Q: 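I am attaching a structure below and will ask some questions about it afterwards.
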Amino acid sequence: MSSSPLFARTVPALRRAVDNLRKRKATIALVPTMGALHDGHVSLVRLAKRRASRVVVSIFVNPTQFAPTEDFGAYPRTWKSDIAKLAAEGVDVVWHPGVAAMYPEGFATRIVPEGPALAGLEDRFRPHFFGGVATVVGKLFTQCRPDVAIFGEKDFQQLRVVTQMAGDLDLGVRVIGSRTVRERDGLAMSSRNVYLSPEERQTAPTLYRAMKESARRIKAGDAIAPAMAGGAEMIKAAGFVLDYFEVRHAATLAPVTSRKDGPLRLLVAAKLGSTRLIDNIAV
């Protein structure tokens, strides 16, 4: 049976835990999460264990990346099951700060990312989001001082933003993307999937099927515009309200007009009922 991880709730406690690991010549991987852990998160932990000798998992629902109209208060919090999963995977440290520990009274410094954070994808619909993400991840990196950090590819624009920030600010952290984990029917695993009604859950995999079909057409030589239009119609016909359905350069997220423009990534965000889903695949 795996032992329970060490829990840290304050920065000094976390620093002591990390220093003790470093004294044993450990390499450290950080897996940042907001809790409500599922098999996708477990896959991040397993990748972290392959890339470093010790693993720190943070659980913090970050208020600065939620707009006033979004679901901060309702975001699922499943502490007991989260810890059971992390203990079973042999995680070494769980960093679980409160809001006051991350944003103490008088906190007045934020990171404002540009580049992939202004790609016209998530930032068009959630303009507050990447500033909140960059600030909290920047803090996590300096608090935990990991050698590597693992992020899921499902939040692909976020992965690009964090990778850019770590390099630009010389944070000494190698950011590694982990492939999206899917349900049997193709739906990307997400903590927000619990919001879907049974009927919506049956419809939700249409996003993945539409992406696969558009990607197939592009790879087969179809022009990007009609290939993407066909996928968009499939999504709308299923009852989604589409925010975006686009193909971009996989490294820069810049718009493309041809499959010859470089490695391509197809990205989608759409609402089904009250639940907003995002997903992406390589072309």
Side-chain angles (χ1 to χ4, degrees), residues 5-6 8 11 14-34 37 39-60 62 65 86 89-97 102 110-119 121-122 129-181 248-254 262-263 265 267 280-282:
L6 186 152
V11 172
L14 174 68
R15 289 268 168 82
R16 286 193 297 271
V18 171
D19 286 345
N20 285 335
L21 296 178
R22 292 288 188 196
K23 287 176 185 175
R24 302 173 211 168
K25 308 298 183 184
T27 53
I28 296 173
L30 170 66
V31 181
T33 83
M34 295 207 300
L37 305 183
D39 286 350
H41 295 105
V42 171
S43 75
L44 302 182
V45 172
R46 291 176 179 172
L47 177 57
K49 292 183 73 175
R50 295 196 297 270
R51 296 303 182 97
S53 58
R54 300 293 179 180
V55 176
V56 178
V57 175
S58 64
I59 297 178
F60 179 64
N62 178 34
Q65 67 193 62
L86 297 179
E89 295 300 321
V91 165
D92 298 281
V93 179
V94 174
W95 170 221
H96 182 51
M102 291 298 279
R110 301 186 186 277
I111 296 173
V112 182
E114 297 180 355
L118 301 177
L121 297 165
E122 283 299 289
F129 179 71
F130 289 118
V133 167
T135 299
V136 77
V137 171
K139 285 177 68 71
L140 290 171
F141 284 0
T142 57
Q143 291 163 348
C144 299
R145 293 170 291 174
D147 299 285
V148 298
I150 312 297
F151 288 80
E153 287 187 348
K154 186 181 77 69
D155 300 286
F156 196 77
Q157 188 178 5
Q158 173 179 278
L159 173 62
R160 286 287 169 261
V161 170
V162 170
T163 302
Q164 182 85 35
M165 178 192 71
D168 287 350
L169 299 184
D170 302 316
L171 297 181
V173 182
R174 182 185 175 200
V175 178
I176 299 173
S178 181
R179 67 177 185 171
T180 301
V181 177
R248 296 294 186 94
H249 191 284
T252 66
L253 300 183
R265 199 86 185 183
L267 304 102
N280 67 87
I281 61 171

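Computed from a predicted model, the values in this text were never measured in an experiment.
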Q: Quick one: closest heavy-atom pair of Phe151 and Pro32, and the distance?
A: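 The pair with the smallest heavy-atom distance is CZ-CG, 3.5 Å.
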Q: Under a 4.5 Å cut-off applied to non-hydrogen side-chain atoms, are Arg50 and Leu47 in contact?
A: yes
Q: Any non-hydrogen side-chain atom of Cys144 less than 4.5 Å from a side-chain atom of Leu14?
A: yes
Q: Please lay out, stage by stage, how Asn62 and Val133 fare under the test side-chain contact (heavy atoms from CB on, under 4.5 Å).
A: CA-CA 8 Å; Asn62 178 34; Val133 167; 5.6 Å; no
Q: What heavy-atom pair brings Pro113 and Gly131 nearest, and what distance separates the two atoms?
A: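 It is CD-CA, 3.8 Å.
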Q: So which heavy atom on Leu140 is nearest to which on Met102, and how close?
A: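 Closest approach of Leu140 to Met102: CD2-CE, 4.1 Å.
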Q: Would you mind telling me which of Val56, Val93, Val173, Val57 makes a side-chain contact (heavy atoms from CB on, under 4.5 Å) with Leu30?
A: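 Result for side-chain contact (heavy atoms from CB on, under 4.5 Å) with Leu30: Val56.
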Q: Walk me through whether Phe141 and Val175 qualify under side-chain contact (heavy atoms from CB on, under 4.5 Å).
A: CA-CA 10 Å; Phe141 284 0; Val175 178; 4.2 Å; yes
Q: State whether the number of non-hydrogen atoms from other residues, nucleotides or ligands found under 6.0 Å of Arg179 atom CZ is greater than 12.
A: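 Open: at most 12 neighbouring heavy atoms sit under 6.0 Å from CZ of Arg179.
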Q: Can you tell whether the side chains of Asp147 and Arg54 come within less than 4.0 Å, N to carboxylate O?
A: no
Q: Does Gln157 reach the main-chain N or O of Glu122 with its side chain, forming a donor-acceptor pair under 3.5 Å?
A: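 Yes, Gln157 side chain to Glu122 backbone: donor-acceptor pair under 3.5 Å.
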Q: How long is the span from the CG atom in Leu159 to the NZ atom in Lys154, to the nearest 0.5 Å?
A: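 Output value for this atom pair is 12.5 Å.
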Q: Walk me through whether Glu89 and Arg46 qualify under salt bridge (Lys or Arg N to Asp or Glu O under 4.0 Å).
A: CA-CA 7 Å; Glu89 295 300 321; Arg46 291 176 179 172; 2.9 Å; yes
Q: If I take atom OG from residue Ser178 and atom CZ from residue Arg51, how far apart are they, to the nearest 0.5 angstrom?
A: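 It comes to 9.5 Å.
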Q: Under the criterion side-chain contact (heavy atoms from CB on, under 4.5 Å), I'd like the reasoning laid out for Glu114 against Gln164: C-alpha separation, chi angles, the key distance, then a yes or no.
A: CA-CA 9 Å; Glu114 297 180 355; Gln164 182 85 35; over 6 Å; no
Q: For the CG atom of Leu267 and the CD1 atom of Ile281, what is their distance to the nearest 0.5 Å?
A: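 Separation between the atoms: 9.5 Å.
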Q: Report the C-alpha separation of Phe60 and His96 in whole Å, then their side-chain angles, then the decisive distance to 0.1 Å, and conclude whether the side-chain contact (heavy atoms from CB on, under 4.5 Å) test is met.
A: CA-CA 6 Å; Phe60 179 64; His96 182 51; 6.0 Å; no
Q: Answer whether the closest heavy-atom distance between the side chains of Val31 and His41 falls below 4.5 Å.
A: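 A side-chain contact under 4.5 Å is absent here.
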Q: Is there a donor-acceptor contact under 3.5 Å from the side chain of Asp92 to the main chain of Val55?
A: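 Answer holds: yes.
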Q: Minimum heavy-atom separation for Leu6 and Ala17, please, with both atom names.
A: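 Closest pair (atom of Leu6, atom of Ala17, distance): CD2-CB, 3.9 Å.
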Q: Say whether, by atom type as modelled, one donor and one acceptor occur between the side chain of Thr135 and the main chain of Gly132 under 3.5 angstrom.
A: no
Q: Rounded to the nearest 0.5 Å, how far does CZ of Arg145 lie from CG of Leu21?
A: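 Interatomic distance, Leu21 CG to Arg145 CZ, rounded to 0.5 Å: 10.5 Å.
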Q: How close do Val94 and Pro5 get, heavy atom to heavy atom, and via which atoms?
A: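 Answer, listing the atom of Val94 first, then Pro5: CG2-CG, 3.7 Å.
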Q: Heavy atoms, side chains only, cut-off 4.5 Å: are Phe129 and Gln158 in contact?
A: yes
Q: Would Glu153 and Arg160 pass as an ion pair if we require N to O under 4.0 Å?
A: no
Q: Is a side-chain donor or acceptor of Ser58 paired with a backbone partner of Trp95 at a separation under 3.5 angstrom?
A: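 No; judged by distance alone, with no hydrogens or angles, the pair does not exist.
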Q: Quick one: does Arg248's side chain have a donor or acceptor within less than 3.5 Å of a partner on Leu253's backbone?
A: yes
Q: Which value, rounded to the nearest 0.5 Å, describes the distance between Asp155 atom CG and Asn280 atom CG?
A: 8.5 Å
Q: Can you tell me how far the CD1 atom of Ile150 sits from the CG atom of Leu44, to the nearest 0.5 Å?
A: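 Those atoms lie 7.5 Å apart.
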Q: Measure across Ala134 and Ile111 and return the closest heavy-atom pair with its distance rounded to 0.1 Å.
A: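 In terms of heavy atoms, the two residues are closest at O-CD1, 3.5 Å.
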